[in-house]
Amino acid sequence: MIEAYTNKLLMIDLSIESFEIISLPDILKQAYLGGKGFGAKLLVDKVFPGTDPLGPDNLLMFMTGPLTGTMAPAMRGCVVTKSPLTGIFLDSYFGGSFSPEIKYAGYDGIIIKGVAKKPCYIWIDDHRVEIRDAKDIWGTDALESNRLIKQEIGDESIKIAGIGQAGENQVRYALICCEYNRQAGRGGAGAVMGSKNLKAIAIRGTNSVKVNDPEGFARACEKAVKELADSPDVEAMRQAGTASAVDFANEAGLLPHKNYQNGTFAKSSNLAEKGQSKHLWLGSSACMGCPIRCSKIGAVRTGKYKGIVTDIVEYESAGLMGSNLDISDVRAVAHLVKLCDCYGMDSMSTGSVIGFAMEACEKGLIPPPEGIDLAFGNVPAAEYLIHAIAARREGLGKLLSHGVRLAAEKIGGNASDIAIHTKGLESPAWGPRGVSGMGLAYMTTDRGGCHQRGFPVGYELAGEWDNKPLDPLSPKGKAAMVASLQNHSAGTDTLVKCDFGSFGISTETYAQLFSAATGRQITSATLLETGERIWNLVRMYNLSEGMDATKDTLPRRFVEEPLPDGPAKGHRISKDDMDYMKLEYYKIRGWNEDGVPLEKTLERLGVHHD
Ligand code: SF4
């Protein structure tokens, strides 16, 4: 039967320089549908509690979904591993055309284990797999290595996922760069790749992905494209990408300023769509086959950083590398983000870490590096730290390369009070003090504080969820909303879709796309139940790594310091509010008061975990 899966996984062991092609187990397809679930189940089964994320036994998995490489709009790829930043489950998504190429080469996923004896890269040409010497490429940045590998193989059209110097040096928030401008950004998958002495994976595939019911699939694709075209949120993304969120967040008092001390930034418009279109943008671009085209390409056209070719400064980078550092010149922010891209380092975590260091210096918790004025607003100081972190040789750069949680622990004193993270993952650029449901989402997210596993902000500010009124500041009514959004996120993420696609594409349409592609008829309820299954499976994994209920919490700043500005001025998410939301959430999830899934919940969902 044609079913859109290739039914094969490529497993490569770098320690013994061997590979094997194994069948995709039916249980994975039945229970988990696609990439997120496949990765989660394999992590649970094969990466045991206590495994060193940067050791040979961690797995680095590049996963696709059944819709990857088809005409279904707005699909991406996903990396699953154990995070060196958080010590728990990590899934990180990337656009571009690397993941379709995995399918075209004949695999549903590539799983890497072991450690190569010397720097290498993997060359996959359909079913031919080579582990090649990377000594001439090691030490180059994430963009240059891409160019060099294409030159060595002699084919400009091959697809590459690789790391820069930050991944080689195992900075705990190093990313994996897919093509030139798409990244699996969060949680340090690039450091895992570096720990395996693996510079890149280059791939060429010559097969196509066949679907079970071509006519039904075409109809479902047409419906999805129409839903995208009809969505005002998608139109906003098409016009201005995520930069459209800067002014919105500022007006709502959610934009981080000076390490989240404030929720507004007087010069936010410079970082928003008008500032970016004036100084940077030249045109739009897209991941393979995506009609949304959220990306802007451009170049810095004036000033000190003139000439830098750049992608859009995404909302998260504008927030964390711009307003959070009190930097308002979007050209300077583009420069700092481009440095991170070249080194292969998550610009969100990097911005947060630099903001932490600037405040720590201001408060006398750390001395400034010699000759550097480590003050908010100082662009050269931020640039200095980016170089120092990526090189990770000594001093402050090395300290900050561990992320804010570990850096604060090593500094001691009150440093942890200003470290803005949940479970070790630096918080996104949406301060939650004016939207307590966002706070609950951070507290309970499967990979640490993240806005992409349920984003209730729009519902909270609109004051309505499920046809009932909702007070953004109150802890009431938040648990059911957050659990529901998380199930939706996990259930559709396992198809390896882009978050922006679900701004328009309905859950029913995702189910129709899946059904027509695979021949297995499912409904939107199947997707939501699969999401719930994955959520519980990952919860069990994270618990086995010591992430118990005490870690379902927020940074002290959000709990004890009232927001000093914006519409929610004076508000914080108190400990009582956190406890209220948490207990309600556990109950709705079918977990006990310690946040452990009850046996009957695991039984209902068919989650088996030792
Ligand atoms: S919406 Fe943007 S990031 Fe998502 S698939 Fe389309 S072009 Fe890529």
Side-chain angles (χ1 to χ4, degrees), residues 34-36 62-79 91-103 159-161 175-186 209 220-221 223-246 273 276-277 280-298 310-318 337 341 346-348 428-429 450-453 455 458 488-489 492-506 509-510 513:
K36 175 166 180 151
F62 292 80
M63 289 294 170
T64 71
L67 303 176
T68 308
T70 71
M71 290 300 289
M75 292 291 147
R76 296 201 292 176
C78 130
V79 177
D91 57 336
S92 191
Y93 295 78
F94 57 89
S97 44
F98 182 77
S99 60
E101 205 75 7
I102 296 175
K103 288 284 282 284
K159 311 301 178 214
I160 295 172
L175 56 73
I176 297 177
C177 179
C178 300
E179 295 308 291
Y180 290 104
N181 60 353
R182 289 287 181 268
Q183 290 119 354
R186 303 237 68 197
V209 179
C221 287
K223 186 173 170 224
V225 169
K226 181 162 183 343
E227 286 174 340
L228 291 172
D230 290 347
S231 161
D233 293 338
V234 168
E235 184 54 30
M237 294 298 299
R238 185 176 293 118
Q239 292 296 327
T242 54
S244 58
V246 175
E273 108 193 48
Q276 292 210 32
S277 59
L280 305 178
W281 297 347
L282 293 171
S284 297
S285 71
C287 302
M288 197 191 94
C290 178
I292 303 176
R293 297 177 68 75
C294 75
S295 283
K296 305 285 170 212
I297 47 169
T310 177
D311 210 68
I312 186 175
V313 177
E314 297 282 354
Y315 168 75
E316 294 294 334
S317 300
V337 172
D341 289 351
D346 176 14
S347 58
M348 291 174 66
C450 172
H451 63 299
Q452 291 177 295
R453 304 293 177 269
F455 185 69
H488 178 274
S489 163
T492 51
D493 273 352
T494 206
L495 303 179
V496 199
K497 58 66 162 125
C498 174
D499 281 358
F500 305 146
S502 51
F503 284 10
I505 302 171
S506 64
T509 304
Y510 279 123
L513 286 164

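Predicted model only: the values in this text are computed from it and were never measured. For ligands, and for the atoms within them, numbers begin at 1 and follow the listed sequence.
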4.5 Å side-chain heavy-atom contact, Tyr510 and Leu495
yes

| message | Tell me whether Ala286 reaches ligand 1 (any heavy atom closer than 4.0 angstrom to a ligand atom). | response | yes

The atoms of ligand 1 lying under 4.0 Å from a heavy atom of Ile292, numbered in the order shown, are 1 (S)

Discussion item. Quick one: does any side-chain atom of Thr310 pair with a main-chain N or O of Gly298 as donor and acceptor, under 3.5 Å?
Written reply: no

A student comparing Cys294, Gly501, Gly504, Gly241 should find that the heavy atom closest to atom 3 (S) of ligand 1 comes from Cys294

- Between the side chains of Glu314 and Thr242, is a donor N or O closer than 3.5 angstrom to an acceptor N or O? yes

Q) Are Glu179 and Phe94 side-chain neighbours, meaning at least one heavy-atom pair lies under 4.5 Å? A) no

Note: ligand 1 atoms sitting under 4.0 Å from heavy atoms of Cys290 are 1 (S), 5 (S), 6 (Fe), 7 (S)

Practice item. Please find out if atom 4 (Fe) of ligand 1 and some N, O or S atom of Cys498 are separated by less than 2.8 Å. Key: yes

Can you tell me if an N/O/S atom from Cys287 lies under 2.8 Å from atom 8 (Fe) of ligand 1?
yes

Shortest non-hydrogen pair, Leu228 vs Gly501, comes out as CD2-O, 3.5 Å

